[in-house]
Amino acid sequence: MSSLLDQLKQVTTVVVDSGDLGAIEQFRPVDATTNPSLLLNASQLEFAKPLLAAAASYAKARSSDLAEQISIAGDKFAVDIGTKISQLIPGRISTEVDARLSFDKAATVAKAKQLVALYKENGLGTDRILIKIASTWEGIQAARELEQQGIQCNLTLLFHMAQARACAEAGVFLISPFVGRILDWYKANTKQDYDSETDPGVVSVREIYRYFKAHGHKTVVMGASFRNTGEVLALAGCDRLTISPGLLQELSDTQGQLQVHLQDQGVTESAKPAMTETEFRWALNEDAMATEKLAEGIRKFAIDQRKLETLIQAQLQA
């Protein structure tokens, strides 16, 4: 009998959530995703240290202003890591816009275009990359504009159906609803235990998947942020799943019969009117989990971005 990972790959596109080239080479996913936290971790790996130094040199050659140099080098490092990863996968690499721009549509669009330009310098076109943006109202509207210009996006830090609907209605290519962080919130706030069937994160992604298929939305649903293999297996059949190397190893080492939980049954519902900004904001406001986890996720990514920038500044001033 084949491993659970091999069986999962037959019904779901498997994506690795890592900046570690060794892990990506080992598990051979179709796509890969990074974020500021993963880039910070990657910066300590041997393959990435020369890339960090090269990014600093690149920035020095283009600006004499330290703040500009840090910004340029941060983007360059992210793109160069992404480029290395792209050489190991047949699909797309997701690269994240600075979380501190999450409430600025124009700045998000500008930063996305800068990342695309850097990828172009490295020989990668828009067909190989996804721009990751936080699922704020401003982020979703930035993604709408980018999608219309041929730059496809991955909307992340997604915890609520309102975010998912707004993304689909904006024509976003892919969303990353978070599973584990939803579970974290419920366990902390209810003091209850959950299995894979009652896990609130699993329930949320199943609901989003079924809503999208029933209403004919083309946006890809990619479950993310898993705490255990039970969550992953409970979403077998989802369009895509982005999984950490540790959980991929567990799935690879486990034999058994995979049960497929999600299947596209085709369009069964008529389209709903698009959400307004007011409806979106109120729906999030009414859900304490979604409100808190979105804000927390943005803060944590910003913290790790600043830590990475401290490393970059040290390189620039060396």
Side-chain angles (χ1 to χ4, degrees), residues 33 35 94 96-112 130-179 181-182 185 200-225 235 238-240 242 262 264 267-299 301:
T33 60
N35 61 43
S94 289
E96 193 138 356
V97 167
D98 189 334
R100 292 167 293 187
L101 304 180
S102 295
F103 303 101
D104 189 330
K105 173 188 169 184
T108 295
V109 170
K111 178 64 75 174
L130 293 175
I131 300 298
K132 285 181 80 173
I133 301 170
S135 299
T136 59
W137 179 259
E138 294 82 1
I140 295 168
Q141 301 317 306
R144 181 194 298 273
E145 184 173 322
L146 291 165
E147 293 278 356
Q148 291 170 351
Q149 297 177 30
I151 298 171
Q152 293 184 312
C153 301
N154 171 354
L155 271 287
T156 187
L157 294 175
L158 195 149
F159 302 97
H160 195 276
M161 176 62 82
Q163 292 171 291
R165 273 191 60 190
C167 286
E169 290 161 3
V172 168
F173 177 75
L174 179 147
I175 60 169
S176 295
F178 279 28
V179 179
R181 295 194 196 187
I182 294 177
W185 189 93
V202 170
V203 171
S204 175
V205 176
R206 286 180 176 178
E207 180 185 6
I208 290 168
Y209 176 91
R210 288 166 179 153
Y211 180 92
F212 277 22
K213 303 311 177 189
H215 289 84
H217 291 304
K218 302 303 182 186
T219 298
V220 175
V221 180
M222 182 172 74
S225 170
L235 292 174
C238 194
D239 296 332
R240 303 186 192 189
T242 182
L262 294 174
D264 184 354
V267 178
T268 58
E269 303 283 343
S270 57
K272 290 188 176 182
M275 292 190 76
T276 65
E277 179 179 352
T278 300
E279 290 169 336
F280 174 90
R281 294 193 185 282
W282 182 250
L284 279 190
N285 182 74
E286 285 290 271
D287 190 312
M289 176 278 296
T291 300
E292 292 171 21
K293 297 310 287 187
L294 174 60
E296 178 189 73
I298 291 170
R299 285 196 302 271
F301 281 160

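In this structure, the side chains of Lys111 and Ile131 stay at 4.5 Å or more apart for every pair of heavy atoms. You'll find the side chain of Asp239 stays beyond 4.5 Å of the side chain of Met222, heavy atoms only. Leu294 is listed as a side-chain neighbour of Gln163, based on a closest heavy-atom distance under 4.5 Å. In this structure, the side chains of Glu96 and Asn154 stay at 4.5 Å or more apart for every pair of heavy atoms.
Going from atom CZ of Arg240 over to atom CG of Leu235 covers 15.5 Å, rounded to the nearest 0.5 Å. Considering NE2 of His160 and CD1 of Ile182, their distance stands at 9.5 Å, rounded to 0.5 Å. Of the inter-residue distances, the one linking Thr108 atom OG1 with Ile140 atom CD1 reads 11.5 Å to the nearest 0.5 angstrom. The line from CD of Gln141 to CD of Glu277 is 7.5 Å long, rounded to the nearest 0.5 Å. Atoms CG and CG, on Leu130 and Leu155 in that order, are 10.5 Å from each other to the nearest 0.5 Å. Put simply, OG on Ser225 and CG on Leu158 are 11.5 Å apart, with the number rounded to the nearest 0.5 Å.
Between the side chain of Ser102 and the backbone N or O of Ala99 there is at least one donor-acceptor pair closer than 3.5 Å. Not a single donor-acceptor pair under 3.5 Å links the side chain of Thr242 to the backbone N or O of Ala224. In this structure a side-chain-to-backbone donor-acceptor pair under 3.5 Å is present from Thr219 to Val172. Looking at Glu169, its side chain never comes within 3.5 Å of a backbone N or O of Lys272 through a donor-acceptor pair. No donor-acceptor pair closer than 3.5 Å links the side chain of Gln152 to the backbone N or O of Phe173. Of the possible donor and acceptor atoms, none in the side chain of Ser94 sits under 3.5 Å from a partner among the backbone N and O of Lys132. In this structure a side-chain-to-backbone donor-acceptor pair under 3.5 Å is missing from Ser204 to Pro200.
A salt bridge does not link Arg165 with Glu207: none of the charged nitrogens is closer than 4.0 Å to a carboxylate oxygen.
Below 30°, between 30° and 60°, or above 60°: for Phe212 and His217 the angle between ring planes is above 60°, a perpendicular geometry.
With sequence neighbours excluded, the residues satisfying side chain to side chain contact (heavy atoms under 4.5 Å, CB included) with Asp104 are Ala106, Ala107.
Figure legend: cation-pi geometry between Arg144 and Phe280 absent, as NZ or CZ is not positioned both under 6.0 Å from the six-membered ring centre and within 45° of its axis.
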I'd like to know whether Arg299 forms a salt bridge (Lys or Arg N to Asp or Glu O under 4.0 Å) with Glu296, so could you lay out the CA-CA distance, the side-chain angles of the two residues, the decisive distance to 0.1 Å, and finally the verdict.
CA-CA 5 Å; Arg299 285 196 302 271; Glu296 178 189 73; 5.3 Å; no
Report the C-alpha distance between Lys293 and Phe178 in whole Å, list the side-chain angles of each, state the deciding distance to 0.1 Å, and finish with yes or no for side chain to side chain contact (heavy atoms under 4.5 Å, CB included).
CA-CA 10 Å; Lys293 297 310 287 187; Phe178 279 28; over 6 Å; no
Go through the steps for Leu146 and Ile133 under the test side chain to side chain contact (heavy atoms under 4.5 Å, CB included), then give the verdict.
CA-CA 11 Å; Leu146 291 165; Ile133 301 170; 3.9 Å; yes
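Gly223 and Cys238 make their closest contact through N-SG, 4.2 Å (heavy atoms, listed as atom of the first residue, atom of the second, distance). When all heavy atoms are compared, the tightest approach of Asp264 to Tyr209 is N-OH, 3.2 Å. Across all non-hydrogen atoms, the minimal contact from Ile298 to Phe103 is CD1-CZ, 3.8 Å. Minimum heavy-atom separation, Val221 to Ile208: CG2-CG2, 4.2 Å. When all heavy atoms of Ala134 and Leu157 are compared, the closest pair comes out as CB-CD1, 4.1 Å.
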